[in-house]
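Encoded as C-alpha cells, the structure appears first; notes follow it.
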Amino acid sequence: QVQLVESGGDLVQPGGSLRLSCAASGFMFRNYRMSWYRQAPGKERKMVAQINESHSTIYADSVKGRFTISRDNSKNTLYLQINSLKPEDTAVYYCKAEGLPSWGQGTQVTVSS
C-alpha cells in the first residue's frame, strides 16, 4: 500500500532553516508528480511546492525564493529545503503523490522566538 512518511519538522527561530523529508513506498515514485502541502491551525491545507517527473518545479507565491523542493528517485524520497523561516510558516507539512489519495501523518514546523 502507499505510504508517505514525513520527517524533519522542528521548533526553529525566525530566520532559521529546516530540511523536510518524505519517504515514499508502495508506488512507482519516479512516475509521479510530488507535492508538499501545509496546514496551519484553523486553515485549509494548501500546496506550497510541486516537482514533476522531469524535476520541473512550481511554488506558491508565499514561499518563492525561500523553499526548494527536490527529489531523489533512487531513494524514493522527496525533500523540502526551507530557508528564512517566518512565523507564518508554522504548520503541519505533508507530502503527496498527485493522483493518489494517500496522505502521511505530516511533520510539524513551528517558527517562534
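We number each residue from 1, following the sequence as shown.
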So CD1 of Ile69 and OG of Ser35: to nearest 0.5 Å the spacing works out to 6.0 Å
For Arg66, the salt bridge (Lys or Arg N to Asp or Glu O under 4.0 Å) test, sequence neighbours excluded, returns Asp89
Value for CD (Gln3) from SG (Cys22), rounded to nearest 0.5 Å, stands at 11.0 Å
Worksheet item: What's the verdict on side chain to side chain contact (heavy atoms under 4.5 Å, CB included) for Val63 and Arg38, showing C-alpha distance, side-chain angles and the deciding distance?
Response: CA-CA 11 Å; Val63 307; Arg38 70 184 181 187; 4.0 Å; yes
So CD1 of Ile51 and CD of Glu98: to nearest 0.5 Å the spacing works out to 12.5 Å
* Donor-acceptor contact below 3.5 Å, side chain Ser17 vs main chain Asn83 -> no
The reported gap from CD in Glu53 to CG in Asn31 (rounded to nearest 0.5 angstrom) is 7.0 Å
Exercise. Checking Lys86 side chain against Thr90 main chain: does a donor-acceptor pair fall under 3.5 Å?
Worked result: no
Could you check whether any side-chain heavy atom of Leu18 comes within less than 4.5 Å of a side-chain heavy atom of Val109, counting everything from C-beta outward? yes
**OP:** May I ask whether Leu100 and Tyr93 are part of the same hydrophobic cluster, defined by side-chain heavy atoms of I, L, V, M, F, W, Y residues being less than 4.5 angstrom apart, directly or through others?
**Re:** yes
Applied to residues 9-42, the ring-ring contact (aromatic ring centres under 6.0 Å, His included) test, sequence neighbours excluded, yields Phe27-Tyr32, Tyr37-Trp103
**OP:** Could you give me the CA-CA distance, side-chain angles and deciding distance for Arg71 and Met34, then say whether side chain to side chain contact (heavy atoms under 4.5 Å, CB included) is met?
**Re:** CA-CA 9 Å; Arg71 64 192 299 163; Met34 298 295 298; 3.8 Å; yes
Note: Ala24 and Leu4 closest approach over all heavy atoms is CB-CD2, 3.8 Å
Those residues at least two apart in sequence (or on a different chain) that pass salt bridge (Lys or Arg N to Asp or Glu O under 4.0 Å) with Lys64 are Asp61
- Query: Are Tyr94 and Tyr79 co-members of a hydrophobic cluster defined by side-chain heavy atoms under 4.5 Å apart?
  - Reply: no
I want to check something: taking the side chain as every heavy atom from C-beta on, are Ser21 and Lys75 in contact at a cut-off of under 4.5 Å? no
Looking only at heavy atoms, the pair that brings Thr77 and Ala23 closest together is OG1-CA, 4.4 Å
Hits for side chain to side chain donor-acceptor pair (under 3.5 Å) against Gln39, two or more places apart or cross-chain, chain-then-number order -> Arg45
*asked:* Between Leu20 and Met47, is there shared hydrophobic-cluster membership here, with clusters defined by ILVMFWY side-chain heavy atoms closer than 4.5 Å?
replied: no
Between Ser113 and Pro14 the two heavy atoms that sit nearest each other are N-CD, 3.8 Å
Between the NZ atom in Lys46 and the OG atom in Ser62, the distance rounded to the nearest 0.5 Å is 8.0 Å
Is there a continuous path of hydrophobic side-chain contacts, each under 4.5 Å between heavy atoms, that joins Val5 to Leu78?
no
dist Gln1:CD -> Ser25:OG (nearest 0.5 Å) comes out at 7.5 Å
For residues 39-68, the ring-ring contact (aromatic ring centres under 6.0 Å, His included) pairs (sequence neighbours left out) are none
So salt bridge (charged side-chain N to carboxylate O under 4.0 Å, His left out) across residues 4-20, not counting sequence neighbours, yields none
